[in-house]
There are 2 protein chains.
Amino acid sequence: MRGKTARFGVIKYTSGGWNMSKIRLTIEYDGTGYAGWQVQPDAVTIQEVIEDALGKMTGEKVRLAAAGRTDAGVHALGQVAAFSTRSSHSPGVFLRALNSMLPRDIRISEAIEVEEGFHPRYDARSKRYIYLIDLSEVQSPFLYRYAWHLPCSFDISAIKEASRCLLGRHDFSSFRGSGCGAKSPVRTIISFDVGVIENPVFLGLSLRGRLLRIGIEGDAFLRHMVRNIVGTLVEIGRGKIAPGEMSGIMKGADRSLAGPTAPARGLFLERIEY
Amino acid sequence: MRGKTARFGVIKYTSGGWNMSKIRLTIEYDGTGYAGWQVQPDAVTIQEVIEDALGKMTGEKVRLAAAGRTDAGVHALGQVAAFSTRSSHSPGVFLRALNSMLPRDIRISEAIEVEEGFHPRYDARSKRYIYLIDLSEVQSPFLYRYAWHLPCSFDISAIKEASRCLLGRHDFSSFRGSGCGAKSPVRTIISFDVGVIENPVFLGLSLRGRLLRIGIEGDAFLRHMVRNIVGTLVEIGRGKIAPGEMSGIMKGADRSLAGPTAPARGLFLERIEY
């Protein structure tokens with residue numbers, strides 16, 4: 001094995017370096033059929049499916065690093081991931097070849113060459129997520145993959161009131177999922193918005209019903225942080241927690257003070273800014 | 001057997017008639033996972049799934065008659081079907097019980113009691129279909145179930161020009177699919193519209209891309225008629241047939257003159273008027 005490694009090393013340097021290039025992909029996916037982004041045993045993940053396609057294209061064992069490791073069932077309109085390769089294919093060739101190999105619920109919308117030092121997660125300035133809650137009595141068959149169905153009365157002004165204290169730099173321990181590997185629980189929420197969409201437009205068609213749309217942008221997020229914030233705001237909207245308690249929940253820095261985790265299916269990673 | 005039938009008949013009349021009631025359902029479905037509306041052997045159909053649920057609810061062998069027998073993969077926002085039952089459940093009970101039993105890609109949006117003589121197909125004054133064509137180079141993962149992906153240049157004004165001759169009462173034999181059981185090929189197109197949607201809105205989210213949206217309303221439709229009209233208009237949009245030829249294609253009353261059948265996945269039965 002050592003000999004092999006050494007021979008490998010010789011090739012590397014006599015050829016004047018690997019001529020590695022780094023490619024950044026913007027990825028869209030319907031997460032319904034996947035066990036989330038990150039590779040795991042005995043489950044199909046988005047990372048694995050794209051790495052397999054890259055492996056077929058390049059003959060290399062390609063490793064993709066993503067900006068956000070989305071959970072099973074979470075969707076993305078603008079996930080960003082990057083990989084290094086010795087292949088001389090242009091980004092445009094990667095884009096077309098990957099889209100011809102990938103299943104139709106995963107698409108590469110952009111591929112560009114970036115600096116070798118680029119990292120999708122560490123270099124991200126902000127991420128924006130959208131969460132959809134369906135307040136209709138009967139959920140449209142076009143919505144069940146994309147929205148949490150809560151056919152109940154909802155105090156939206158209470159949600160708006162409670163959400164004000166989320167803005168800014170805070171310790172988000174109360175919304176931190178177990179198993180979160182982040183060193184610090186401090187994050188900055190840059191913007192937060194809530195709106196109701198009556199008869200939501202679905203590709204030019206008007207659906208029955210009423211959607212609550214929550215948008216949240218931050219410098220970074222802890223594990224399950226968006227879903228835990230949404231789960232808590234839903235308790236507030238349903239009158240189970242008073243809006244004035246939100247500030248105390250945050251200051252308590254204790255997960256047991258906040259509400260349950262909202263389902264993954266309503267969550268979209270909308271975009272990442274660099 | 002005869003005895004049984006007679007006994008059955010006795011019950012019928014001594015009880016003062018069956019007390020049959022007729023219930024009209026408005027049905028929404030994502031047709032992706034189904035072999036269309038109509039019951040057929042060795043395939044899961046929407047009619048069968050709803051009839052099975054009705055059978056469980058009522059203990060009867062319930063037969064559903066629909067306004068439109070949509071093909072495999074076709075979606076509906078406003079399919080209408082009706083059934084007769086001896087059950088005394090109210091329409092509201094049918095609505096809630098069916099929605100609790102049906103898979104989430106089929107929903108009953110309305111249930112009302114109607115006259116015994118009501119027939120969803122024969123009593124329909126008009127039906128409106130929508131067809132979506134995705135002109136984006138890379139198809140969004142949220143669109144592939146719902147739009148025909150045609151990443152090519154498209155002359156929309158040619159489609160508009162050609163579609164003018166569709167309006168009114170005509171022999172639509174050139175757009176009649178094989179196996180069509182209609183007695184007459186004459187139908188009336190009440191309205192036709194074509195529009196382009198840039199960055200289509202999907203439940204409050206803005207997707208990449210460009211959709212062509214075709215709306216067509218008629219008194220009734222022959223088998224595959226909408227998909228055959230769309231397939232022909234696409235040939236016109238791509239410059240393979242001149243827009244001026246549309247009138248001759250119709251007058252020829254010959255299926256071989258027109259373009260191919262557009263895929264089912266882009267088609268939605270939007271609504272039915274009575």
Side-chain angles (χ1 to χ4, degrees), chain A residues 26-33 46 75-78 95-96 98-100 102-111 130-132 134 136-147 149 151 193 195-197 200-209 211-215 265-266 268 270-271, chain B residues 26-33 46 75-78 95-96 98-100 102-111 130-132 134 136-147 149 151 193 195-197 200-209 211-215 265-266 268 270-271:
Chain A
T26 305
I27 309 166
E28 301 176 348
Y29 45 85
D30 180 325
T32 308
I46 296 143
H75 314 291
L77 296 179
L95 184 136
R96 285 186 293 277
L98 286 173
N99 282 329
S100 73
L102 290 169
R104 284 184 295 191
D105 49 10
I106 304 177
R107 290 289 96 173
I108 311 300
S109 62
E110 190 186 60
I130 299 286
Y131 197 97
L132 298 179
D134 183 2
S136 326
E137 200 184 334
V138 176
Q139 182 165 46
S140 161
F142 303 101
L143 274 174
Y144 76 90
R145 285 187 191 83
Y146 308 118
H149 187 213
D193 54 88
V196 173
I197 306 169
V201 172
F202 176 81
L203 311 172
L205 297 156
S206 177
L207 301 182
R208 256 189 324 96
L211 274 183
L212 188 72
R213 178 184 184 276
I214 293 172
R265 65 178 58 218
F268 292 77
E270 192 191 25
R271 64 162 187 266
Chain B
T26 305
I27 309 166
E28 302 176 349
Y29 45 84
D30 179 326
T32 309
I46 296 144
H75 314 291
L77 296 179
L95 185 135
R96 285 186 295 276
L98 285 173
N99 282 330
S100 74
L102 290 169
R104 284 186 293 192
D105 48 11
I106 304 177
R107 290 290 95 174
I108 310 301
S109 62
E110 191 186 59
I130 299 286
Y131 197 96
L132 298 179
D134 183 2
S136 325
E137 199 184 334
V138 176
Q139 183 164 45
S140 161
F142 302 101
L143 275 173
Y144 75 90
R145 285 188 192 81
Y146 309 118
H149 187 212
D193 54 270
V196 173
I197 306 169
V201 171
F202 176 82
L203 311 172
L205 297 157
S206 177
L207 301 183
R208 258 188 323 97
L211 274 183
L212 188 73
R213 178 183 183 278
I214 293 172
R265 65 178 59 216
F268 292 76
E270 192 190 26
R271 64 162 187 266

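Remember, it's a predicted structure, so these values are computed and weren't measured experimentally. Letters go in sequence order (proteins before strands), and every chain restarts at 1.
From B:Arg213, atom CZ reaches atom CG of A:Leu203 across 10.5 Å, with rounding to the nearest 0.5 Å. With values rounded to the nearest 0.5 angstrom, B:Ser206 atom OG is found 10.5 Å from A:Ile130 atom CD1. Between the CD atom in A:Glu137 and the CZ atom in B:Arg107 there is a gap of 11.5 Å [rounded to 0.5 Å].
Contacts of B:Asp105 with chain A are made by both backbone and side-chain atoms, with heavy-atom separations under 4.5 Å. For A:Pro200, the part lying under 4.5 angstrom from a heavy atom of chain B is the side chain only. Contacts between B:Ser140 and chain A at a heavy-atom distance below 4.5 Å involve backbone atoms as well as side-chain atoms. With a 4.5 angstrom heavy-atom cutoff, A:Ile106 touches chain B only via backbone atoms. Contacts of B:Ile108 with chain A are made by backbone atoms alone, with heavy-atom separations under 4.5 Å and no side-chain atom involved. Residue B:Tyr146 touches chain A through its side chain alone, counting heavy-atom pairs closer than 4.5 Å.
Residues B:Phe142 and A:Leu77 have side chains in contact (heavy-atom distance under 4.5 Å, counting atoms from C-beta outward). Side-chain contact check for B:Arg104 versus A:His149: every heavy-atom pair is 4.5 Å or farther apart. At a threshold of 4.5 Å between non-hydrogen side-chain atoms, the residues A:Arg145 and B:Asp30 count as touching.
B:Val201 pairs by the side-chain contact (heavy atoms from CB on, under 4.5 Å) definition with A:Val201, not counting sequence neighbours.
The most heavy-atom pairs under 4.5 Å with chain B, out of A:Leu205, A:Leu207, A:Leu102, come from A:Leu205. Contact count versus chain B (heavy atoms, under 4.5 Å) is highest, among A:Glu270, A:Arg265, A:His75, A:Arg96, for A:Arg265.
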